[in-house]
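Got a structure for you, questions after.
One-based numbering, in listed order, for ligands and for the atoms of each.
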Amino acid sequence: MMSDAWRTEVWRLAGTLGAALATALLTGQWSLAFLGALILYVAWHLRQMYLVERWLVTGGSLKHAPDSSGIWDQIVHHIYRLQQHNRRRKKRLTNMLNRFHRSTEAMPDAAVVLGEQREIEWSNRAAVTLLGIRNPQDHGQRIDNLLRDPAFHDYLTLGDFEEPIDIPSPISDNIELNIRIVAYGDGQYLLMARDTSSLRRLEAVRRDFVANVSHELRTPLTVITGYIESFDGEQVSDYVRDGVAAIDRQTRRMLSIVQDLLTLSRLEMEPPDPAAAELVPAAELIAGLARDAEGVAGERGHRILTDLDGDLGVRGVPGELASAFANLINNAVQHTPDGTMITVEWKLESGAAMFAVHDEGPGIDSRHLARLAERFYRVDTSRSRARGGTGLGLSVVKHAVARNGGELDIQSAPGQGSTFRCVFPAERVERLGRDTRALGGSGES
Ligand code: ADP
């Protein structure tokens, strides 16, 4: 269906051609008459075009719209409608942007938009107080020129933003920041920084409290156990003897909890000391621990098989590694039925050093695995207590392994035994240059 505007345009063309025809009939100048008509027609259109162009240049307001007819009137109308539509959209977007800016300005967390080269494109008000990034003076600068913490530099270079990072604020060492970077759009990043100082202080208070309480309890408990040890059960009744035996068991239990809590506090509070790290001949250490564990298991008849690479060393703190490995071997004894087999491995796996303890015990349901290394988390509390467990062993293992650059990994399923692995990255691994046969390779300890 032809629109009114096009119909007018067709009539205009037909009128022009009709006038040219009449002129040609009257004068006999056919070419001249049609050429003249065509020139007039084109000139009229050019003028309309000129008027529309001027109108657009001067702002395209309705008041100054050119007084056109036919198709040009329609074109002006369409342009004006599109313009109005765009204006409304722009207003909506500006409002939205203003609202977004106002809300990010009100946020207590710092927000910084980074470009492809990690340059600052935009930042909110909290970025001034937490990161020292001024809006807009620092825009265009690379973020690592302003946040010069080496850990942050490595984090940015590595580009793996899955986990957040904790660094001190460049404004003050007393402000602890938790920084998270999220990639979005085309090569853009949003950096969010949260002040975690109060949380850290609270954690420090909690750690101090636990450490102090444990410390205060240790002395009286040691005194009590000392008296109980020297107690002569010969001259007293069975009732008193049984009572003293119960007191002995319970105080020993309390002492081991206090001892584990103190170990945990030390692992948590003291920063890792690089000077204390040395190249540890782990196979010798593990062989000794396995023998000790078998001795402690005694009549329970566990068999501990070892498969140890005697030439594989790891750089770490010997005491901390021994504590982690011993806890895992003892757990395998404590939480499995008598007479079952336990395999202890120390070997190189894809460049990393791996310590693994595998047992044939009841296994652990997957819903417990993620929480197993939490303090006092036990699958079966009464059974763990009955076996002298404190519920702190795996927390100690996790911290001790992490302090030495490694990770604890637990694999287990009900009825299929459990495998606890400590994996140390390649940069911690060193060859000792020893003859591995000296240790006998694999065997029963
Ligand atoms: P606990 O002193 O109770 O051994 P841990 O922190 O060492 O405390 O271990 C936490 C819990 O994990 C244990 O109570 C037990 O339920 C479970 N667990 C640890 N090791 C094993 C294992 N080898 N097999 C089965 N369960 C285990």
Quiz item: Which atoms of ligand 1 sit under 4.0 Å from any heavy atom of Gly389?
Solution: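 Once the distances to Gly389 are compared, the set is 2 (O).
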
Self-check item: Numbering as shown, the atoms of ligand 1 that approach Leu372 to under 4.0 Å (heavy-atom distance)
Solution: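 Listed by number with element: 12 (O).
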
Quiz item: Hey, does the Lys NZ or Arg CZ of Arg118 hover above the aromatic six-ring of Tyr189, less than 6.0 Å from the centre and inside 45° of the axis?
Solution: yes

Exercise. Could you tell me whether Val379 approaches ligand 1 through its side chain, its backbone, both or neither, with non-hydrogen atoms closer than 4.0 Å?
Key: both

Quiz item: With a 4.0 Å cut-off on heavy atoms, does Gly361 reach ligand 1?
Solution: no

Exercise. Considering only non-hydrogen protein atoms, determine which one is nearest to atom 5 (P) of ligand 1 and report residue, atom name and distance to 0.1 Å.
Key: Leu394 N, 3.6 Å

Quiz item: Are any of the side-chain nitrogens in Lys347 or Asp309 under 4.0 Å away from the carboxylate oxygens of its partner?
Solution: no

Self-check item: Salt-bridge present (Asp144, Arg148; N to O < 4.0 Å)
Solution: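 Salt bridge flag = no for Arg148 with Asp144.
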
Quiz item: At a non-hydrogen distance cut-off of under 4.0 Å, which region of Asp359 contacts ligand 1 (side chain, backbone, both, or neither)?
Solution: side chain

Quiz item: Nearest to atom 7 (O) of ligand 1, what protein heavy atom do you find, and at what distance?
Solution: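 Ranked first by proximity to atom 7 (O) of ligand 1 is Asn331 ND2, 2.8 Å.
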
Practice problem: Distance to 0.1 Å, residue and atom name: give those for the protein heavy atom nearest to atom 1 (P) of ligand 1. | Solution: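 It is Gly391 N, 3.5 Å.
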
Exercise. Answer yes or no: is there an ion pair linking Glu374 with Arg371, defined by an N-O contact shorter than 4.0 Å?
Key: yes

Exercise. Mark yes or no for whether Asn135, through its side chain, and Ser123, through its backbone, hold a donor-acceptor pair below 3.5 Å.
Key: yes

Quiz item: Can a salt bridge be assigned to the pair Arg421 and Glu349 using a cut-off of 4.0 Å between side-chain N and carboxylate O?
Solution: yes

Exercise. Quick one: look up the protein heavy atom nearest atom 4 (O) of ligand 1 and list residue, atom name and how far away it is.
Key: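 Answer for atom 4 (O) of ligand 1: His335 NE2, 2.8 Å.
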
Self-check item: Nearest non-hydrogen protein atom, atom 14 (O) of ligand 1
Solution: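 Protein heavy atom with the smallest distance to atom 14 (O) of ligand 1: Arg378 CG, 3.1 Å.
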
Quiz item: Counting N and O atoms only, with roles assigned by atom type, does the side chain of Ser172 sit under 3.5 Å from a partner on the main chain of Asn174, one being a donor and the other an acceptor?
Solution: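 Checking the backbone N and O of Asn174 against the side chain of Ser172, a donor-acceptor pair under 3.5 Å is found.
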
Quiz item: N/O of Pro362 under 3.5 Å from N/O of ligand 1, yes or no?
Solution: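 Min N/O separation from ligand 1 is not below 3.5 Å for Pro362.
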
Practice problem: Measure centre to centre between the rings of Phe161 and Tyr155, then say whether the value is under 6.0 Å. | Solution: yes

Exercise. State if Phe420 counts as touching ligand 1 under the rule of any non-hydrogen atom under 4.0 Å.
Key: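 The answer is yes: ligand 1 sits under 4.0 Å from a heavy atom of Phe420.
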
Quiz prompt | Proximal atoms of ligand 1 relative to Ile364 (non-hydrogen, under 4.0 Å) | solution =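 Those atoms are 25 (C), 26 (N), 27 (C).
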
Quiz item: In the protein, which heavy atom is nearest to atom 3 (O) of ligand 1, and how far is it?
Solution: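 The answer is Ser384 OG, 2.5 Å.
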
Quiz item: Which heavy atom of the protein is the closest neighbour of atom 11 (C) of ligand 1, given with residue, atom name and distance?
Solution: Tyr377 O, 3.7 Å

Quiz item: Within the structure, does Gly363 bring an N/O atom to less than 3.5 angstrom of an N/O atom in ligand 1?
Solution: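 N/O-N/O distance under 3.5 Å: no.
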
Exercise. Please work out whether the ring planes of His368 and Tyr377 are parallel, tilted or perpendicular, with thresholds of 30° and 60°.
Key: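 It falls in the tilted class, 30° to 60°.
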
Quiz item: Counting N and O atoms only, with roles assigned by atom type, does the side chain of Arg207 sit under 3.5 Å from a partner on the main chain of Met269, one being a donor and the other an acceptor?
Solution: no

